[in-house]
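Side-chain atoms are counted along with the backbone in the values below, which use heavy atoms only and exclude waters and symmetry mates.
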Amino acid sequence: MVNTGILIIRLVIGLLFIGHGAQKLFGWFGGNGLKATGGWFDAIGMKPGIPMALIAGLVELFGGIFFTLGLFTPIAGIMIAGTMVISIVKVHGRNGLWAVSNGYEYNLTMLAVAIGIAFIGPGQYALDSFLF
């Protein structure tokens, strides 16, 4: 049962991060794509915007893929957590905790889940379990 629970957590969080990366990189799922995201990154002081957006998108995409698969799970957890820390510091932190005010509630939740899974491991239904 525990392994199934961990798998569900990995699938939901990992797939969400794949989506977030695809939004930044390709404009999928209602995202703005690399150029517009880069412009927004410039506007919030993350310069140069397009390269920073590319890095963020790639980290979210590959962090999400690895997290979903349970592959290099501690590294995937750190990748996801890192993007959430930056998101809190650069975007949501000034708005307080609650998501209703565009706060960092969601980001903090994702951060906790990613770090938690990185510490406890990906469970039995993960590529890490078969490879290492």
Side-chain angles (χ1 to χ4, degrees):
M1 297 283 263
V2 170
N3 289 304
T4 302
I6 293 171
L7 174 63
I8 291 167
I9 292 167
R10 280 195 0 259
L11 290 174
V12 170
I13 302 304
L15 291 171
L16 286 172
F17 272 89
I18 292 169
H20 278 281
Q23 287 175 325
K24 287 177 180 67
L25 296 171
F26 314 120
W28 297 354
F29 312 116
N32 295 318
L34 191 56
K35 187 174 179 182
T37 302
W40 180 70
F41 273 36
D42 273 329
I44 64 169
M46 293 179 67
K47 299 178 185 263
I50 291 176
M52 295 299 284
L54 177 64
I55 291 167
L58 289 172
V59 169
E60 288 178 348
L61 180 70
F62 285 100
I65 290 169
F66 293 152
F67 204 77
T68 299
L69 297 174
L71 179 63
F72 311 122
T73 305
I75 294 168
I78 290 168
M79 292 168 76
I80 289 171
T83 63
M84 291 298 92
V85 168
I86 293 168
S87 181
I88 290 168
V89 170
K90 295 300 287 182
V91 180
H92 299 283
R94 68 180 134 260
N95 300 321
L97 175 64
W98 303 111
V100 70
S101 301
N102 199 29
Y104 60 92
E105 174 184 8
Y106 169 82
N107 309 94
L108 184 61
T109 302
M110 294 295 192
L111 172 65
V113 170
I115 294 297
I117 296 294
F119 276 119
I120 65 173
Q124 178 181 356
Y125 309 121
L127 289 179
D128 284 349
S129 295
F130 296 108
L131 298 175
F132 304 108

Rounded distance [0.5 Å steps], CZ in F29 versus NE2 in H20: 11.0 Å
Note, F132 side chain near F72 side chain (heavy atom, < 4.5 Å): yes
Path from L16 to F66 over hydrophobic side-chain contacts below 4.5 Å: no
Residue pair L15 / T68: nearest heavy atoms and the distance that separates them: N-OG1, 3.3 Å
I18 reachable from L25 in the ILVMFWY side-chain graph, under 4.5 Å edges: yes
Within-4.5 Å side-chain heavy-atom neighbours: I115 and I80: no
R94 side chain to V89 backbone, donor-acceptor under 3.5 Å: no
Donor-acceptor under 3.5 Å (D128 side chain, T73 main chain): yes
Interatomic spacing from NZ in K47 to CG in D42 - rounded to 0.5 Å: 4.5 Å
From CA spacing to verdict: side chain to side chain contact (heavy atoms under 4.5 Å, CB included), L97, L108: CA-CA 9 Å; L97 175 64; L108 184 61; 4.2 Å; yes
Where A114 and A81 come nearest, the two heavy atoms and their spacing: CB-N, 4.2 Å
Expected output: side-chain T37 to main-chain G33 donor-acceptor under 3.5 Å: yes
Minimum-distance pair of heavy atoms, taken over all atoms of P74 and A118: CA-CB, 3.9 Å
Interatomic spacing from CZ in F41 to CD1 in I86 - rounded to 0.5 Å: 8.5 Å
Side chain to side chain, Y106 and T109, heavy atoms closer than 4.5 Å: no
Under 3.5 Å: donor-acceptor pair, side chain of N3, backbone of Q124: yes
Note, I13 side chain near I117 side chain (heavy atom, < 4.5 Å): no
Short side-chain to backbone donor-acceptor contact, H92 and N102, under 3.5 Å: yes
Close side-chain approach of M110 and F17, heavy atoms under 4.5 Å: yes
Exercise: identify the closest heavy-atom pair between M46 and M52: O-CG, 3.9 Å
E105 side-chain N/O to W98 backbone N/O, donor-acceptor pair under 3.5 Å: no
Check: G103 main-chain N/O paired with N95 side-chain donor or acceptor under 3.5 Å: no
Cluster link F119 to I75, ILVMFWY, side chain under 4.5 Å: no
Nearest atoms (heavy-atom pairs only) where F67 meets R10: O-NE, 2.9 Å
Heavy-atom pair with the smallest gap, counting every atom of G70 and P122: CA-CB, 4.1 Å
Spatial distance of atom CG (L34) from atom CG (L58) [nearest 0.5 Å]: 8.5 Å
4.5 Å side-chain heavy-atom contact, W40 and N32: no
Hydrophobic cluster membership, L61 vs V12, 4.5 Å side-chain cutoff: no
Side chain to side chain, T83 and M79, heavy atoms closer than 4.5 Å: no
